[in-house]
Structures are given as C-alpha cells and as structure tokens.
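I'd like to ask some things about the structure below.
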Amino acid sequence: MHDLKLLRENIAALRDGMRRRGKLDALGSVIDRAEVLDRERRAVLARIEEKQATRNAASQDVARRKKAGEDAADVIARTRALGDEIAALQRDYDAQFGELEGLQYELPNIPLADVPEGGEESNRVVRTWGEPRPHDGVRPHWEVGEQLGILDLPRGAKIAGSGFIVYRGGGARLVRSLIAFLLDLATREHGYEEVWVPTLVNRRSMMGTGQLPKFEDDAYVTTDDLFLIPTAEVPVTNLYRDEVLDAGDLPKALTAYSQCFRREAGAHGKDTRGLIRVHQFDKVELVRYAAPEDAPAQLELLTSHAEDALRRLELPYRVKVLAAGDTGFASAKTYDLEVWAPGVNAWLEVSSCSTFTDFQARRANIRYRPAAGEKPRFVHTLNGSGLAFPRTIIALLEHHQRADGTVAVPHALRPYLGADTLG
RNA sequence: GGAGUGGUGGCCGAGAGGCUGAAGGCGGCGGUUUGCUAAACCGUUAUAGGGUUGAAAAGCCCUAUCGAGGGUUCGAAUCCCUCCCACUCCGCCA
C-alpha cells in the first residue's frame, strides 16, 4: 500500500513505477481516479470537521446553560439538525474513502531504481555458483524417488489429491533433516531468531503482507475465515503488526519453518510434474525488519544467507534479479535463486528474496522509533526462502544422483540424516 | 460450548453522560542543583488525519481516537447492542 501523500506530492514517481512494471496502461486510470477521489474526499472532510467543531462548541454551550439553570432548547434544536448534516456528509466521505482504499490495494509497489525495466525477458542473471551437471543420463526425481521408495505420489493423490506429497522412509527423514539443518544454519551461523508460528492466520494478517485482497483465490480458507498460510512470511511479518519497535531492535532477523499451502489455481499442466509445483510444501523462511536506509544492504545479506544454504548442499545455482514487470506485487526488488535440476533439465526457483520497502509495513502498521522522542517511521520488511523444500529435494535427487540410481548426501546434511547415501 | 469478570496513553492506574485527550504514579526527554554518580526539584512527553504560516526545521488551528464496529443523545471513555481478546469457574477433549 502506498502513502496517499504520493498522489499529491509525487504522482509522477507512482506513474513511473507502474510504467516500469509495464502496468501503466492498466493502472494509469486507477492512479488518476485515486488522485481525484483523494482531492474530493479531503474537501468533504474539511466540511465535516468544520461542522463538528461547530457542534462541539454548541454542546459546550448547552452544558454551560444547563449548569446556570438556563434554557437550552433552541441550541439543542440547532445542533440536532447539524448532526444530521454531519451524518449525511459522513456517508459521502465513507463512500469516497472506501473506493479510494480499494484502488490503493490495486497498485503494486514501486520498483527500486536499480531494478531493470520490462517483463520476464528482462530478468538478469547476476551470478552463478557451481557447475551445472549435464542432463545426459540423469533421471527425473519422480523416477529415482519412486525407485528408492522415498516418494509416494500416487498415495498422496489418493488421500488428498494431485499435488500432495507423501514422503516415506529416507524421504521423510530427509525432510526432517532439512528442517533441522536449515534452521540450525540460520540461527547458529546467520544470527536469526527461530520462531514457531501458527499455520492458520486471520484475514488481517493476509492483508498485512499483501496476499489479500488481490490474491484471495490463491489461498485455502477455512469456514472460520482463517487462511492456511502460503508462506511463513505471513505470520512472521505480522508478528509485529501494530507495534512500534526501538531503533536498537533493527535489523531484526527471524526464521521459521512452516508448511505452506497454495491452491495454484489455474497452474495445472505447466511444469507441474513430480515435486515441481505442489499444493502443500515445507519451507524455512527468513524474515528481516530493517531501517529504510539499511534495507538495500539487508537484501544483499538475506540473499547471501539463502545462497549459503545452497552452497552447503553442494547444489549449483544462479541468482537472477527480476525485472520490474516480473517482480511480485508487494516487492520493490527481488532476487530469485534458481537451483539446477539436471533430471528435468531446468533451473528451478527455490528462493525468492525481496525487499518490500514500507509497502507491507504501511499495511501492517509496523513502525520503529529512530530515536527517543522522535516520531515513529515505517520499517522496511524483507524476506526470502532459506529454502523451499520440494525443489531443493528435486535438485538433491537429481544433481547428486549416481549411475546406479542411489543419491549421494551432501556432507553438511549427513549428520542430520545419519547416512551418506539415499538408497 | 455454558456462566462470570475485565480491556483506558510507552507501562501501571483513576474516571461511571458535559469543565476529561483523559487525575496520579513509573519510565523517557530537557533543565536546575551537585566534585562525579545517586537523590531532589522544575518543565515536558500519545497517535492519525485535515487546514494554515514557513524556503525548511518547526509553529498554530481544527477533527478523530479510551479493544473493534454499530446505536442512543444536543453531547459518550462513561449508557445499549454485536464482535474480538484476556482471565476465572463449569463442561468437553488430544
């Protein structure tokens, strides 16, 4: 959500941000309408407040007269009429403000200046690590997974549906090992505080991080109007909703393991085989809160933490900076980490590291006080996966695959798994 | 699920239709005193929005906010309704 002042003071920056996303055609009219609504609404507000001031003065007059034993019937009659006028104006105001608020939720964040313009085709690889293994002879993960008895996709489909995984034996243990390994890495070596959060959150939390109102169809909802989280970003970022942090609390670094749920409505048929795209998956999430001036450096740091996880798993990857048009709705800048999966012959996104500037913080009302006595400012929020499991497991099963179909376990994971080979 | 009690500023806590944006205390900030520290004393200290003066820093005026939303009233922290949250007891259940 943007500051309404942007409409008055720097509408050009807003417009330019939408242009760089390639969305000006679609959203230019939204900006124009919002600007008009904001202006009109302030005019109505001025009239309301003026009448309220008059009413307040009159009410005090009533009090004074009654105390003095005088009659106040005429003032009361006048003030009653005033109350009706205020109520009518208030209805106008509410309608205008409601529409304006709806428009605000339509507008995505403004990309940072160093984000390339254009769509997906303008994404840029900024660095690569490791040697991508050739596709030749490497079998896809669903084949080795089934052969080794660690993946049972048919039974997952039977008990829940397509896109729900059953891991078993060494596969189940691999998931548990990854949870422990990634949380240990984040807490012991990268300085994150580990948190354990609810998997169901309320509507307000989903609004806070930007999943709602625009993307309600992507989420699973319960009959109690609770949402299955699509990522631990939602509960963890909302942890400090409506709070004011001390400057000394920043930067704040939190990590959480959670299961994640996504309906992936409309995504069927495209790159969905095996574990590539599923409805329920595991993820260790990294979340940071930063002072605005520190946020760009914090994004680099956060990204390096996710990269470190891949390096220790000995998985080749590349880092892409997303072009404006491919950057997520609430993000101002995103690095995608893509791991190489030779069996399916593709780079797979395993982590998306983003800075949201104050876009989420404004929605969720998360502030900090720069110094004692100063006014609170919105923090900048950041997050990234460290890492998302199914695709990490794909890469592990494919990149570390041996000719006999067994899989070598990366050194860092061996103590957790208690084995150096799967199969 | 049933019965009850409660939710007030950064924190604690008074207030029970008008003089209450809110006593008092703690904490914070500024100052006085003090060889330093402590203590004492004085002052100050909520958030958001709108308007206005100003180059700006900031000032001034107004409005709203006492868990959230509605209602009653000329006027609501205070009365009524709904919801949320916390606590106590009962019931149920891993």
Side-chain angles (χ1 to χ4, degrees), chain A residues 1-10 34-101 103-104 196-208 212-213 221-227 235 238-250 252 289 358-379:
Chain A
M1 186 163 72
H2 297 287
D3 190 349
L4 281 177
K5 288 202 173 80
L6 213 50
L7 290 170
R8 285 166 245 163
E9 292 164 6
N10 204 351
E35 195 275 328
V36 170
L37 275 170
D38 179 53
R39 203 152 19 87
E40 289 179 348
R41 130 185 178 267
R42 278 181 292 136
V44 174
L45 188 59
R47 291 175 61 202
I48 291 174
E49 291 185 350
E50 193 184 314
K51 285 181 191 294
Q52 282 174 329
T54 308
R55 182 185 63 186
N56 288 346
S59 290
Q60 287 186 10
D61 193 31
V62 172
R64 211 176 311 115
R65 290 209 206 177
K66 290 208 165 172
K67 207 172 176 185
E70 297 168 19
D71 179 60
D74 55 327
V75 185
I76 289 174
R78 261 191 291 124
T79 315
R80 187 178 291 145
L82 203 53
D84 294 339
E85 291 172 41
I86 291 169
L89 284 170
Q90 190 68 49
R91 277 190 291 277
D92 291 347
Y93 180 86
D94 290 345
Q96 286 169 324
F97 191 71
E99 188 186 346
L100 180 59
E101 207 172 30
L103 296 180
Q104 275 183 285
W196 184 274
V197 289
T199 308
L200 285 169
V201 296
N202 56 31
R203 186 168 282 274
R204 181 78 210 286
S205 295
M206 292 287 276
M207 292 289 282
L212 296 184
V221 205
T222 71
T223 48
D224 293 328
D225 207 37
L226 292 171
F227 295 80
N238 277 283
L239 232 37
Y240 291 95
R241 191 175 72 213
D242 295 323
E243 294 192 33
V244 179
L245 301 166
D246 289 327
D249 294 334
L250 302 179
K252 187 178 268 300
Y289 292 71
D358 60 2
F359 192 85
Q360 289 183 328
R362 177 170 288 106
R363 283 187 172 210
N365 190 28
I366 307 165
R367 295 173 296 168
Y368 77 105
R369 203 177 293 280
E374 280 190 42
K375 284 169 80 83
R377 298 170 67 193
F378 289 114
V379 301

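Chain naming here is simple, since letters A, B, ... match the order of the sequence lines and numbering starts at 1 in each.
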Practice problem: Report the distance from atom CZ of A/Arg41 to atom P of B/U63, rounded to the nearest whole Å. | Solution: 18 Å
Quiz item: Side-chain donor-acceptor pair under 3.5 Å between A/Ser59 and A/Asn56, yes or no?
Solution: no
Quiz item: Taking the same atom, C1', in B/G18 and in B/G13, what whole-Å distance lies between them?
Solution: 24 Å
Exercise. Please determine, for the side chain of A/Ala53, which listed nucleotide (B/A48, B/G50, B/C62) has the closest atom?
Key: B/C62
Quiz item: Rounding to a whole Å, what distance do you find between A/Glu101:CD and B/A48:C1'?
Solution: 14 Å
Self-check item: Atom C1', compared across B/C84 and B/G69: separation rounded to whole Å
Solution: 10 Å
Quiz item: Between B/G24 and B/U44, how far is it from one P atom to the other, in whole Å?
Solution: 11 Å
Self-check item: Side-chain ion pair, A/Asp38 and A/Arg41, N-O less than 4.0 Å
Solution: yes
Quiz item: When all nucleic acid strands are considered with a 4.0 Å heavy-atom cut-off, which category describes A/Asn56: base, sugar-phosphate, or nothing?
Solution: sugar-phosphate
Exercise. Using the C1' atom as the reference point in each nucleotide, state the distance between B/A14 and B/C83 in Å, no decimals.
Key: 28 Å
Self-check item: Euclidean distance, atom CG of residue A/Leu82 to atom C1' of B/U73 [Å, nearest integer]
Solution: 14 Å
Practice problem: Could you pick out which residue, A/Gln52 or A/Arg367, lies toward the 5' side of RNA chain B when each is mapped onto its nearest nucleotide? | Solution: A/Arg367
Exercise. In whole angstrom, give the distance that lies between atom CZ of A/Arg362 and atom P of B/G49.
Key: 10 Å
Quiz item: Rounding to the closest angstrom, what is the interatomic distance between B/C80 and B/C26 at atom P?
Solution: 35 Å
Practice problem: Just compare B/U47, B/G49, B/C74 and give me whichever is closest to any side-chain atom of A/Ser59. | Solution: B/C74
Quiz item: Touch check for A/Val62, heavy atoms < 4.0 angstrom, all strands: base, sugar-phosphate only, or nothing?
Solution: base
Practice problem: Scan A/Arg8 against the nucleic acid and name what it touches under 4.0 Å (heavy atoms): base, sugar-phosphate only, or nothing. | Solution: sugar-phosphate
Exercise. For B/U33, give its Watson-Crick or G-U wobble partner with both distances under 3.5 Å, or none.
Key: none
Self-check item: Nearest-angstrom distance from the residue atom CZ of A/Arg369 to P of B/A46
Solution: 10 Å
Quiz item: Under a 4.0 Å N-O cut-off, is there an ion pair linking A/Arg55 with A/Asp61?
Solution: no
Quiz item: Are A/Arg80 and A/Asp84 ion-paired here, with the side-chain N under 4.0 Å from a carboxylate O?
Solution: no
Practice problem: Determine the interatomic distance between P on B/A55 and the same-named atom on B/U78; round to the nearest Å. | Solution: 44 Å
Exercise. Using modelled atom types only, decide if a donor and an acceptor are shared between the side chain of A/Ser205 and the backbone of A/Val201 within a distance under 3.5 Å.
Key: no
Quiz prompt | Any-strand Watson-Crick or G-U partner of B/G4, both distances under 3.5 Å | solution = B/C87
Quiz prompt | B/A64: pairing nucleotide in any strand, Watson-Crick or G-U under 3.5 angstrom | solution = B/U47
Quiz item: Which whole number of Å gives the distance between the P atom of B/G67 and that of B/G21?
Solution: 16 Å
Quiz prompt | Nucleotide forming a Watson-Crick or wobble pair with B/A77, both distances under 3.5 Å | solution = none
Quiz item: Starting at CD1 of A/Ile48 and ending at P of B/G50, how long is that distance when rounded to a whole Å?
Solution: 13 Å
Quiz item: Does A/Arg55 have a side-chain nitrogen or oxygen under 4.0 Å from the phosphate oxygens OP1 or OP2 of B/C74?
Solution: no
Exercise. Counting Watson-Crick and G-U wobble pairs only, both distances under 3.5 Å, name the nucleotide matched with B/C93, or none.
Key: none
Exercise. Both distances under 3.5 Å, Watson-Crick or G-U wobble: report the partner of B/G17, or none.
Key: none
Quiz item: For the pair made of OH in A/Tyr93 and P in B/G49, what is the distance, rounded to whole Å?
Solution: 11 Å
Practice problem: Quote, to the nearest angstrom, the C1' distance that separates B/G10 from B/A46. | Solution: 9 Å
Quiz item: Where is the tightest heavy-atom contact between A/Arg65 and A/Asp71, given as atom of each residue plus distance?
Solution: NH1-O, 3.1 Å
Practice problem: Please round to the nearest 0.5 Å and tell me the distance separating atom CG of A/Asn365 and atom CZ of A/Arg363. | Solution: 13.5 Å
Practice problem: Classify the nucleic acid contact of A/Thr79 as base, sugar-phosphate or nothing, counting any heavy atom under 4.0 Å across all strands shown. | Solution: sugar-phosphate
Quiz item: When the distance from CG of A/Asp94 to P of B/G49 is rounded to whole Å, what number comes out?
Solution: 18 Å
Quiz item: If each of A/Gly83 and A/Leu4 is mapped to the nucleotide of RNA chain B with the nearest heavy atom, which maps nearer the 5' terminus, i.e. the 5' end?
Solution: A/Leu4
Exercise. Please determine if a side-chain N or O atom of A/Arg42 lies less than 4.0 Å away from the OP1 or OP2 oxygen of B/G49.
Key: no
Self-check item: Base paired to B/C11 (Watson-Crick or G-U; both N/O distances under 3.5 angstrom)
Solution: B/G25
Practice problem: State plainly whether the residues A/Glu85 and A/Lys51 are in salt-bridge range, i.e. N to O under 4.0 Å. | Solution: yes
Quiz prompt | Pair of N/O donor and acceptor under 3.5 Å linking B/G51 base with A/Glu49 side chain | solution = no
Practice problem: May I ask which nucleotide in the shown strands pairs with B/A55, Watson-Crick or G-U wobble, both distances under 3.5 Å? | Solution: none
